[in-house]
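Here the structure comes first, spelled out in structure tokens, and everything after it is commentary.
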Amino acid sequence: MAGGDRARASRMAKGSRILILVASIALGLTYILPIWTISLEAPQYPEGLGMVIRLNTIEGQKRHDLSNINNLNHYIGMQRIEPESIPELRIMPFVVAGLILTGVLVAWAGRKRLLYAWTAVFLAISLVGLADFWKWEYDYGHNLDEETAIIKIPGMSYQPPLIGSREILNFTAHSWPGTGGVIAILVALSVVGVSIREWRSRGVGGERADGGVGASAKTLVGAGSLGLAMMVGLAGCGDPGPRPLVAGVDACADCLMVLDANGHGGQIISSTGRVYTFDSVECMANHLRAGVEAEGVRSLWVVDFSEPGSLVPAEEAFYLVSPMLASPMGLGVTAFARSEDRDGAVHAFGGDAADWSGVKALVSSAWPQGRPSRSHGGHATEVPLPDETGA
Amino acid sequence: MTRSLKSRVVTLGAVLAFGTLAAYACQSGNTSGVGAGDMVGAAEAVYVAPGEYDEFYAFMSGGFSGNLTVMGLPSGRLLRTVPVFSQFPENGWGYAEETKAMLETSHGFIPWDDAHHPELSMTNGVPDGRWIFINGNNTPRVARVDLNSFETTEILEIPNSAGNHGSPFITPNSDYLVASTRFSVPIPNRDMSIEEYKGNFKGTLSFVRANEPGNMGVAFQILMPGYNYDLAHAGKGPSDGWMFFTSYNSEEEHTLLEINASRRDKDFVAAVNYRRAEECIASGAGETTPARYAHNYMNEHHIAVSDMLEEVLVIEPATCSDMVYFLPTPKSPHGVDVDPTGQYIVAGGKLATVIPVHSFEKMIAAIQAEDFESVVDGIPVLTYESVIAGEVANAGLGPLHTEFDGRGYAYTTAFISSEIVKWELGTWQVVDRIPVYYSVGHLMIPGGDSQQPWGKYLVALNKITKDRYLPTGPELAHSAQLIDISGDQMRLLLDFPTQGEPHYAQGIAAELLMDDQVRFYSLEENEHPWVARSEGETRVVRDGNEVHVAMTSIRSHFTPDNIEGVRVGDEVYFHVTNLEQDWDVPHGLAMMGAENAELLIMPGQTRTLKWVPDAPGVYPFYCTDFCSALHQEMQGYVRVSSPNAGVPIRWGTGGDWNTN
């Protein structure tokens with residue numbers, strides 16, 4: 001009886017076996033659906049430009065995109081992207097076939113140890129694959145032919161992100177998993193979920209009355225929700241986080257002055273993912289008002305004065321308007337993530353509390369004709385004229 | 001169990017679908033360029049009510065159409081196409097006998113060219129509205145267009161040149177316009193190996209007398225090292241007397257220039273002291289060398305004449321010190337623009353990451369201090385640091401051309417990043433930028449290259465159109481965009497399509513031109529050899545196998561409208577005089593089977609169509625320009641007989657036949 005229990009304890013629940021079978025077969029979809037996409041955005045490509053990475057090849061999003069991308073890349077001396085010369089693309093179909101086949105075997109055999117081993121191999125292959133993809137991107141982005149490059153910018157690299165968006169010269173590159181990639185990620189999560197579930201139930205022994213279906217369903221829902229949450233986070237269609245402002249490097253998109261680390265600043269992320277940085281909340285509000293950016297706005301961020309390294313959503317921030325706390329463009333607007341910090345600042349500096357709509361109204365009334373050109377209060381990068389220093 | 005499995009599959013499917021949706025939900029964007037809130041304001045700013053006039057004439061080069069197009073600003077309405085270097089069937093330019101000679105060159109009749117840069121004549125550094133000049137890039141030529149008649153009146157071929165790109169930039173009082181050769185070639189041109197380019201191929205910078213209509217000529221040419229000479233602009237104010245030319249390919253490469261001519265970090269702006277050149281020539285420098293180039297002009301009878309000129313004065317920098325200096329300029333510079341005060345020379349390095357601005361004052365100081373880093377073919381190269389006034393950082397990718405608003409700001413186009421960047425002279429700080437759709441080349445502010453810009457509008461001349469208009473197959477009109485520059489921030493107002501490829505454009509306040517327009521030509525002053533000033537003077541004359549018909553047109557008939565006695569193989573010349581003396585009543589003439597275009601004859605003018613009938617029969621002709629209620633009745637017949645039929649010449653209108 002104990003031996004029977006042990007045997008049962010080493011066997012997978014029926015539901016888990018079905019799930020592994022379904023997951024393995026689902027992996028087969030990666031043969032027809034794209035694994036990853038890299039899209040390039042630039043003003044002069046309104047119809048978009050991009051490439052699709054499949055299990056066994058790389059092709060353009062549109063018919064001639066890949067050759068057009070290669071043609072553009074010759075300006076910067078990037079080697080041509082030629083699917084034939086990437087051996088991984090020849091190997092991957094066999095690797096995935098192996099995973100599917102062994103996955104089906106695991107489901108058929110129903111042995112937990114086999115499941116753990118298969119899960120480990122699956123994850124190892126996934127990670128190696130991603131690392132390899134990153135390495136190819138790195139090589140393309142960095143190993144430029146100095147001899148034939150026409151545009152050479154010292155220190156510039158052209159590596160697209162593994163996942164996410166990045167500005168590369170006049171292009172914004174977006175790199176995201178394709179449908180096949182999403183499926184692979186979900187399969188991986190499901191497999192891990194099943195393994196964890198089986199590992200937890202290793203001491204229990206025996207099949208549950210419902211054949212393990214309840215637990216498996218829970219696992220599935222858990223894994224699925226996790227995958228969904230991850231996808232939403234990755235795709236950033238809620239919001240990709242803002243990118244950190246770099247003092248001394250980033251310039252204000254409105255007044256064009258270089259940013260300081262003075263606890264002020266903001267960021268607009270356009271609907272196309274382009275990032276505009278601002279040295280002050282008032283410049284950002286003015287920029288929105290002027291409506292000169294064509295792309296539309298995805299999200300607005302302001303620097304938290306209490307924690308100058310972090311950006312918080314502009315609509316949710318708490319503002320102080322005080323002449324005693326100078327902001328770069330002179331309207332005395334300072335943002336805080338927490339209301340208690342702002343209230344403390346009101347106490348310390350005097351002035352008024354405001355919310356985002358109040359700030360926008362303030363900027364509209366203070367600058368009815370738009371931001372006055374070159375009027376800036378005590379900006380650190382402004383060089384005083386000699387006669388002023390003499391005085 | 002089955003149900004649970006099904007629900008699991010459904011859940012999995014839903015999760016997959018949702019994840020996929022999430023992954024693709026970021027692919028949207030709007031690129032109209034005008035914010036929704038701004039549309040009403042933009043519409044009002046460009047609205048010219050019916051019957052009202054635009055504020056500015058804009059002259060857009062037609063690029064590979066070979067024409068000049070005239071548009072109104074701010075409406076962006078097309079007003080006129082002026083044919084220059086290309087035959088234009090719409091009005092018979094290059095087809096009518098009186099106009100053919102305008103397209104003669106040393107290579108024969110060339111019915112097309114690539115017209116890049118219109119340039120208004122100037123007085124005291126300000127556009128004066130007398131003429132506009134434009135270059136022919138392919139077969140090196142420059143043309144003068146009269147701005148009273150909007151007609152091309154003179155074309156000069158440029159000898160010792162190949163690719164007349166850097167042209168026809170004019171001096172502040174229109175003494176000279178320049179023509180720099182884009183391609184260096186063997187001078188004089190001869191059969192030699194292309195591989196022997198270095199040292200053997202040369203460039204020329206030509207100075208063309210521009211001030212006298214009908215008398216354009218090459219005053220002198222400066223023989224330069226074998227670079228590609230790209231664009232130019234004249235000094236003004238303190239820098240009057242100097243002309244600045246960009247050059248690239250200082251590598252002197254002859255193949256795969258894309259890479260080979262992009263190697264050096266700096267090429268040159270050539271600063272030419274043309275007053276010094278005049279002095280050297282007056283004291284005997286320079287050499288008159290054989291050449292062959294056409295000079296075509298409209299004579300006093302509105303008939304084009306082509307003269308072939310045989311020599312040109314060439315001067316080498318080594319024989320005239322202080323005439324030419326090189327200013328090192330990053331990187332493959334394209335445009336070179338002088339600010340309204342004449343102090344700053346702005347160069348747009350196609351591949352540079354900054355816009356370098358040279359100081360004229362510092363240049364003169366560096367010349368006096370002999371601050372030279374080297375000497376090339378007798379041309380001192382000044383050190384970059386000694387001439388640079390400032391560099392504009394963060395000025396967009398691929399800066400090309402700059403114009404000015406007269407209020408201390410400069411506007412530079414950035415081709416690669418597809419934007420216009422506004423920056424301040426003196427502080428070199430970028431103060432505004434605006435995206436343009438797509439890939440802007442030149443820009444134009446009316447008067448923006450002169451000493452007094454009308455700093456109200458800016459026109460972006462874009463190279464790529466893509467999705468800006470309703471699609472029209474693979475070939476699309478090039479796109480221009482009108483931007484309001486009257487405020488602190490630039491504001492996009494309007495997109496409008498253009499003809500050919502407008503490279504550069506010029507603009508001038510409408511009041512400087514509109515009151516001086518020719519409305520029709522005086523019939524009394526028409527001295528055309530075949531003019532018929534009245535229907536009584538019409539005649540048909542046979543001279544061997546030539547038949548000349550002196551013909552008139554008036555609403556709504558030709559005289560004669562019946563002609564007999566023409567034989568197969570005759571060369572028939574219809575000399576049509578438009579007897580109208582009223583504005584906007586041109587008449588046309590179209591002849592069935594003529595291997596030619598129509599004629600379009602302005603009131604008081606005589607134009608000639610040549611026709612060689614190829615078979616016996618009766619051939620109709622008619623008026624093409626809808627002239628009156630009975631325009632459709634304005635027609636006639638020519639009877640063509642076989643040579644041995646013995647049909648005598650006779651002609652008439654209304655039933656009475658005339659004979660010689």
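The chains referred to below are lettered A, B, ... by the order of the sequence lines, with proteins before strands, and numbering in each begins at 1.
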Checklist line | Non-neighbouring partners of B:F496 that pass ring pair (Phe, Tyr, Trp, His ring centres under 6.0 Å), sequence neighbours left out | finding: none
Item checked: ring pair (Phe, Tyr, Trp, His ring centres under 6.0 Å) against B:H442, all qualifying residues, sequence neighbours excluded -> B:H117, B:H401, B:Y504
Notebook entry, point to check: In terms of heavy-atom pairs under 4.5 Å with chain A, which of B:L397, B:I464, B:N394 leads?
Noted result: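 Heavy-atom pairs under 4.5 Å are most numerous for B:L397.
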Margin query: As an exercise: rank B:G487, B:G396, B:S439 by heavy-atom pairs under 4.5 Å with chain A and give me the winner.
Written below: B:S439
Next item on the list: Begin with the C-alpha distance, continue with both residues' side-chain angles, and end with the deciding distance and a verdict on side chain to side chain contact (heavy atoms under 4.5 Å, CB included) for B:Q489 and A:N286.
Entry: CA-CA 11 Å; B:Q489 291 188 326; A:N286 182 60; 4.2 Å; yes
Against chain B, label [X] side chain, backbone, both or neither, depending on which of its atoms sit under 4.5 Å from a heavy atom there.
| X | answer |
| --- | --- |
| A:L169 | both |
| A:Y75 | side chain |
| A:A251 | side chain |

Item checked: Residues B:R263 and A:E146 bridged, charged N to O under 4.0 Å -> no
Notebook entry, point to check: Between the main-chain N or O of A:Q44 and the side-chain N or O of B:K466, is there a donor-acceptor pair closer than 3.5 Å?
Noted result: yes
Margin query: Please give me the minimum heavy-atom distance between A:I151 and B:L351, naming the atom from each residue.
Written below: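 The pair with the smallest heavy-atom distance is CG1-CD2, 3.7 Å.
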Next item on the list: Mind listing the closest non-hydrogen atom pair of A:I150 and B:K331 along with its distance?
Entry: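 Taking A:I150 first and B:K331 second, the nearest heavy atoms are O-NZ, 4.1 Å.
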Check: Does A:E47 CD have over 12 foreign heavy atoms under 6.0 Å away?
Finding: yes
Note to self: Nearest 0.5 Å, please: how far is CG in B:D467 from OH in A:Y45?
What the structure shows: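 A:Y45 atom OH to B:D467 atom CG measures 13.0 Å (nearest 0.5 Å).
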